[in-house]
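For reference, the structure is listed below as structure tokens.
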Amino acid sequence: MTITSPHLGSPSVWTDARLLYALEEVVERELNRHLQVAKDWMPHEYVPWSDARNFPGFFEDGESWAKDQSKVTEIGRIALVVNLLTEDNLPSYHHEIATLFGRDGAWGTWVHRWTAEEGRHGIVMRDYLLASRAVDPDQLEQFRMAHMSEGFESDNRHSMLHSIAYVAFQELATRISHRNTGHQSGDPVCDRMLARIATDENLHMVFYRNLLKAAFELAPDLTMQAVRDVVVNFRMPGHGIPGFERAAAQMAIGEVYNLRIHHDDVIQPVLRFLKVLEIDGLGPEGCQAQQELGLFLGGLDAEASKFDEKLAARKARMAARAGG
């Protein structure tokens with residue numbers, strides 16, 4: 001893939017403000033496409049309300065929570081809490097993208113639409129978890145208060161290009177995490193709900209991925225550097241959740257989200273679609289970023305292979321114990 005536009009990669013040419021203006025037409029086109037393909041859905045239709053009953057406290061007939069009240073697996077429970085707490089920080093996310101992208105024109109319309117759609121995800125997940133008694137409601141609320149009280153500051157808030165690159169990968173990562181959580185949950189109702197959420201997340205990924213493609217055509221060097229920085233330093237927005245590191249390790253072992261999934265199902269699909277490693281016509285800084293990105297991907301794949309081996313060995317040990 002050869003960039004045919006003039007070499008406009010220097011910061012003196014492309015400021016955030018100029019890029020926002022230059023990409024406005026693309027945002028409008030992608031917004032219209034999104035509105036045509038996105039389907040409205042009702043969160044309450046995915047919740048098993050007939051399973052719900054009162055909790056203790058205000059209600060005298062309230063029943064305390066216990067793990068055996070839900071069919072959700074342990075790994076499903078852990079991942080559901082992480083996924084919901086991540087969605088809970090939506091006010092902070094809205095503030096971040098509204099500050100970066102603005103509230104006017106097509107950018108502003110997209111910001112508000114995205115926020116409204118993401119809001120559904122938190123609504124339906126919390127209603128499901130409480131109605132089905134899948135998680136400890138007291139602990140869930142304590143975690144929510146702790147997580148939201150810390151607020152959220154994106155690693156990429158310094159740059160509009162970095163932010164676009166980040167969400168192109170992060171929305172896909174979220175889709176994969178939700179989908180795998182559903183598969184591992186042990187509850188068809190949960191799986192169906194998370195599949196619906198994952199469909200939204202995929203459309204969000206497509207929006208940002210296409211925007212990133214347009215950014216490559218306008219400012220290839222700067223965009224390549226942003227992609228390199230984001231991929232090398234990537235972390236999910238829920239990293240501030242109480243106990244996140246332990247939960248992430250359990251989710252990795254449970255094959256909800258791990259290095260292999262991150263490399264194969266998140267990073268590589270976006271890079272292949274954009275043909276990032278095939279772009280030529282770059283300036284010195286763009287070429288260096290492209291080379292560094294390629295080297296990092298090789299290292300990430302090697303680390304994923306090591307994880308695969310450890311996971312296979314762990315499964316073999318568990319199978320041997322079960323057989324013995």
Side-chain angles (χ1 to χ4, degrees), residues 34 37-48 70-90 93 113-132 134-135 140 143-144 147 152 166-209 234-241 243-244 247-270:
H34 178 85
V37 298
K39 295 181 179 179
D40 276 342
W41 55 280
M42 301 298 121
H44 55 268
E45 294 179 357
Y46 287 80
V47 179
S70 169
K71 64 184 73 174
V72 170
T73 61
E74 183 63 19
I75 186 59
R77 184 177 292 111
I78 292 167
L80 280 162
V81 170
V82 170
N83 290 352
L84 174 55
L85 291 175
T86 300
E87 299 283 0
D88 275 332
N89 242 350
L90 183 60
Y93 307 150
R113 173 72 189 199
W114 174 87
T115 301
E117 292 185 5
E118 290 288 350
R120 282 179 175 154
H121 303 166
I123 290 169
V124 71
M125 289 178 69
R126 173 165 283 99
D127 286 347
Y128 165 81
L129 292 178
L130 297 180
S132 67
V135 302
L140 181 66
F143 282 171
R144 186 190 71 84
H147 184 44
F152 174 79
Y166 174 75
V167 288
F169 294 103
Q170 183 264 322
E171 291 284 4
L172 182 52
T174 304
R175 168 201 158 193
I176 296 296
S177 181
H178 282 313
R179 203 68 194 93
N180 288 343
T181 298
H183 292 328
Q184 302 285 359
S185 69
D187 181 8
V189 174
C190 180
D191 191 23
R192 185 164 58 248
M193 171 194 66
L194 291 176
R196 177 58 262 186
I197 292 175
T199 299
D200 281 1
E201 302 290 12
N202 193 63
L203 291 178
H204 297 163
M205 179 276 292
V206 170
F207 178 95
Y208 287 116
R209 185 192 64 189
F234 186 88
R235 58 179 181 168
M236 292 293 276
H239 58 79
I241 292 170
F244 177 79
Q250 292 170 307
M251 290 167 66
I253 293 170
E255 297 181 90
V256 172
Y257 200 94
N258 55 40
L259 280 177
R260 175 53 62 200
I261 293 169
H262 181 65
H263 177 274
D264 291 0
D265 300 337
V266 176
I267 300 300
Q268 287 290 3
V270 175

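Below, all heavy atoms of this structure are taken into account, side chains as well, without hydrogens, waters or symmetry copies. Owing to the predicted nature of the structure, the values given are computational and were not obtained by experimental measurement.
Using a 4.5 Å heavy-atom threshold, the side chains of Asn258 and Met251 count as separate. Between Glu201 and Glu118 the shortest side-chain heavy-atom distance falls below 4.5 Å. Contact of the Leu194 side chain with the Leu80 side chain is registered, since non-hydrogen atoms from C-beta on lie closer than 4.5 Å. Here the side chains of His178 and Tyr257 are not in contact, with every heavy-atom distance at 4.5 Å or above. Taking 4.5 Å as the limit, some side-chain heavy atom of Phe234 sits within range of a side-chain heavy atom of Tyr166. Contact check for Glu87 versus Asn83: no side-chain heavy atoms found under the 4.5 Å cut-off.
Atoms OH and CH2, on Tyr208 and Trp114 in that order, are 6.0 Å from each other to the nearest 0.5 Å. In this structure, SG in Cys190 is found 13.0 Å from OH in Tyr46, a value given to the nearest 0.5 Å. The line from CG of Leu172 to NE2 of His204 is 13.0 Å long, rounded to the nearest 0.5 Å.
The shortest heavy-atom contact between Asp88 and Arg126 is OD2-NH2, 2.8 Å. Closest of all the heavy-atom pairs between Val270 and Ala168 is CG2-O, 4.0 Å. The heavy-atom pair separating Ser70 from Val72 by the smallest distance is OG-N, 3.1 Å. Here the shortest heavy-atom pairing between Ala247 and Val82 reads CB-CG2, 3.7 Å. Taking every heavy atom of both residues into account, Arg196 and Asp200 meet most closely at NH2-OD1, 2.8 Å. Closest of all the heavy-atom pairs between Gln184 and Thr73 is O-OG1, 2.6 Å.
In this structure, Gln250 contributes its side chain and Ile78 its backbone to no donor-acceptor pair below 3.5 Å. Without hydrogens or angle criteria, Thr181 side chain to Ser177 main chain gives a donor-acceptor distance under 3.5 Å.
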Determine, step by step, whether Val266 and Gln170 satisfy the side chain to side chain contact (heavy atoms under 4.5 Å, CB included) criterion, reporting the C-alpha distance in whole Å, the side-chain angles of both residues, the deciding distance to 0.1 Å, and the verdict.
CA-CA 8 Å; Val266 176; Gln170 183 264 322; over 6 Å; no
Step-by-step side chain to side chain contact (heavy atoms under 4.5 Å, CB included) determination, Met236 to Thr174
CA-CA 8 Å; Met236 292 293 276; Thr174 304; 3.9 Å; yes
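Applying the ring-ring contact (aromatic ring centres under 6.0 Å, His included) rule to His147 yields no partners; only residues at least two apart in sequence or on another chain are considered. Evaluation of the ring-ring contact (aromatic ring centres under 6.0 Å, His included) rule for Tyr93 yields Phe152 as partners, not counting sequence neighbours. Residues satisfying the salt bridge (Lys or Arg N to Asp or Glu O under 4.0 Å) test with Asp187, not counting sequence neighbours, are none. Taking the side chain to side chain donor-acceptor pair (under 3.5 Å) definition, one finds that Arg179 meets it with Asp191, sequence neighbours left out. Listed by chain and residue number, nothing satisfies the ring-ring contact (aromatic ring centres under 6.0 Å, His included) test with His263 (two or more places apart in sequence, or in another chain). The salt bridge (Lys or Arg N to Asp or Glu O under 4.0 Å) check on Arg175 picks up nothing, with sequence neighbours excluded. Here Thr86 pairs with nothing under the side chain to side chain donor-acceptor pair (under 3.5 Å) rule; sequence neighbours left out. Residues passing the side-chain contact (heavy atoms from CB on, under 4.5 Å) test with Arg120, sequence neighbours excluded: Asp40, Trp41, Pro43. In this structure, the side-chain contact (heavy atoms from CB on, under 4.5 Å) partners of Asp265, at least two apart in sequence or on a different chain, are Ile176, Ile261. Taking the salt bridge (Lys or Arg N to Asp or Glu O under 4.0 Å) definition, one finds that Glu255 meets it with Lys315, sequence neighbours left out. Partners of Phe169 by ring-ring contact (aromatic ring centres under 6.0 Å, His included), not counting sequence neighbours: none found. Scanning for salt bridge (Lys or Arg N to Asp or Glu O under 4.0 Å) contacts around Glu117 gives Arg113, with sequence neighbours left out.
With Val47 as reference, Asp127 is the one residue of Asp127, Ile123, Leu130, Val189 to meet the side-chain contact (heavy atoms from CB on, under 4.5 Å) rule.
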